[in-house]
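Whatever order the structure lists ligands and atoms in, that order sets their numbers, starting from 1. Along the sequence shown, the residues carry numbers beginning at 1.
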Amino acid sequence: MNAPFQQPPAVEAKPPLTVLIAAPRGFCAGVDRAIEIVERALDRYGAPVYVRHEIVHNRYVVESLKAKGAIFVEELDEVPDNVPVVFSAHGVPKSVPAEAERRELNYLDATCPLVSKVHRQAERQVEAGRHIIFVGHRGHPEAVGTYGQVPEGQMTVIETVSEIESLEFPADMPLAFLTQTTLSVDDTAEIIAALKARFPGIVGPKADDICYATSNRQAAAKQVAAGSDLVLVIGAPNSSNSVRLVEVAKRMGKDARLIQRASDIDPLWLEGIETLGLTAGASAPEVLVRAVIARLGEWRRVDEQPIVAAEEKMVFKLPRQLAS
Ligand code: SF4
């Protein structure tokens, strides 16, 4: 008897999709440290541990920590006495630890050391008698925290080059500039050049205070965008560095979208797309990147290609209370 006829293996019906995946992407050393502080505090003190503001701007991270016993609040007066409280990676105005001390709260400061560095610069500039022009996003917790390092009236916040025109200071007023850590590298260079042109005596850091993680992610996003038809950035709408990554790609003339999770992807976006760029802001965990790749794989045959712009080895020490 003849052997039964066997069908050849099904030809892969899905069209191919090259995914250029940025490196570095996702968590930075400051975010790793902040999350570890909350986790270690939960281990050491038990639940609940209060956290003032989202520890980092990512819902997935916040929900995971909530599930372990963290309680997120916006202000210190929502924290009961006798429970530990963690301050977020973005930093806080000086009044916040001062109030925690007055109430004798056990507080842990998860402010990123690179944000703290800007705080110390602000103090030093004011001590030296200079008025500070801070380049940052009004209302962003990092800008609020830095503003709160110096007495009222000693710092002016600007967001754009166009605001420099309307700045008025007495001719003999010494000036300094500082910047938020998560700004656009290109925009900030332009703003600083305009500040120096308008106020030739202004002093500041050598270039800006944009952190290594923000610069590296923007450099990688540029390289990825250069070869892509569409760029997806995983991050939250209130995550400054994630929004900047979308801007970087758009500025290169590419279609770019901010998504919070894999389910945000509309398959229609992929029509006619052969090469897709993928990156993630500094507060987005790798698990979300893997979920995006898996979802893309539902519709297309994904060929993942890393684009490496920089190697990162930065690690920040934990606060003394949790180090051992
Ligand atoms: S993005 Fe930069 S400043 Fe912000 S937490 Fe990460 S390393 Fe620190």
Side-chain angles (χ1 to χ4, degrees), residues 22-40 51-62 65 72 86-93 108-122 134-137 139-149 178-188 204-222 233-248 258 279-286 288-289 309-319 322:
R25 62 178 176 277
F27 280 5
C28 59
V31 164
D32 272 334
R33 174 179 179 269
I35 294 169
E36 193 174 349
I37 288 173
V38 179
E39 286 175 338
R40 286 209 185 196
V51 184
R52 184 189 176 278
H53 194 67
E54 287 185 339
I55 186 75
V56 299
H57 285 153
N58 187 274
R59 287 315 298 165
Y60 179 91
V61 171
V62 167
L65 292 172
F72 289 84
V86 179
F87 302 150
S88 83
H90 313 96
V92 289
L108 296 150
D109 191 355
T111 302
C112 175
L114 300 181
V115 174
S116 300
K117 189 174 123 199
V118 180
H119 290 180
R120 300 294 75 79
Q121 286 173 353
F134 183 72
V135 185
H137 297 289
H140 186 280
E142 185 185 327
V144 172
T146 304
Y147 194 81
Q149 299 304 308
L178 295 173
T179 78
Q180 195 172 320
T181 58
T182 51
L183 300 179
S184 149
V185 171
D186 296 338
D187 286 352
T188 307
K206 252 189 231 141
D208 51 49
D209 300 300
I210 296 173
C211 75
Y212 79 98
T214 298
S215 316
N216 288 346
R217 278 152 192 70
Q218 286 177 23
K222 272 187 192 170
V233 177
I234 305 169
N238 59 345
S239 159
S240 174
N241 78 86
S242 304
V243 174
R244 303 288 85 77
L245 294 176
V246 175
E247 289 172 1
V248 159
L258 184 69
T279 187
S283 42
E286 184 64 13
L288 299 181
V289 177
E311 303 278 350
E312 289 183 350
K313 296 199 172 92
M314 190 78 82
V315 178
F316 295 133
K317 280 192 204 148
L318 291 171
L322 295 176

| Should you measure from each heavy atom of Tyr212, which atoms of ligand 1 turn up under 4.0 Å away? |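 What qualifies from ligand 1 is 7 (S).
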| How about Tyr60: does its OH atom have over 12 heavy atoms from other parts shown lying under 6.0 Å from it? |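 Atom OH in Tyr60 is not crowded, with 12 or fewer foreign heavy atoms closer than 6.0 Å.
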| Near atom 6 (Fe) of ligand 1, is there an N/O/S atom from Cys28 that is less than 2.8 Å away? |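 A backbone or side-chain N, O or S atom of Cys28 is under 2.8 Å from atom 6 (Fe) of ligand 1.
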Just need the protein heavy atom nearest to [atom], so name the residue and atom and give the distance.
atom	answer
atom 3 (S) of ligand 1	Thr181 OG1, 3.3 Å
atom 1 (S) of ligand 1	Cys211 SG, 3.6 Å
atom 8 (Fe) of ligand 1	Cys112 SG, 2.3 Å

| Is a side-chain donor-acceptor pair under 3.5 Å present for Ser184 with Asp186? | no
| said: Could you check whether Glu36 pairs with Arg33 (Lys NZ or Arg NE/NH1/NH2 to Asp/Glu carboxylate O, under 4.0 Å)? | reply: no
| field | For Ile210, the option from Leu114, Leu183, Thr181 that meets side chain to side chain contact (heavy atoms under 4.5 Å, CB included) | value |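 Only one option passes, and that is Leu183.
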| message | For the OG atom of Ser239 and the CG atom of Leu258, what is their distance to the nearest 0.5 Å? | response | 7.5 Å
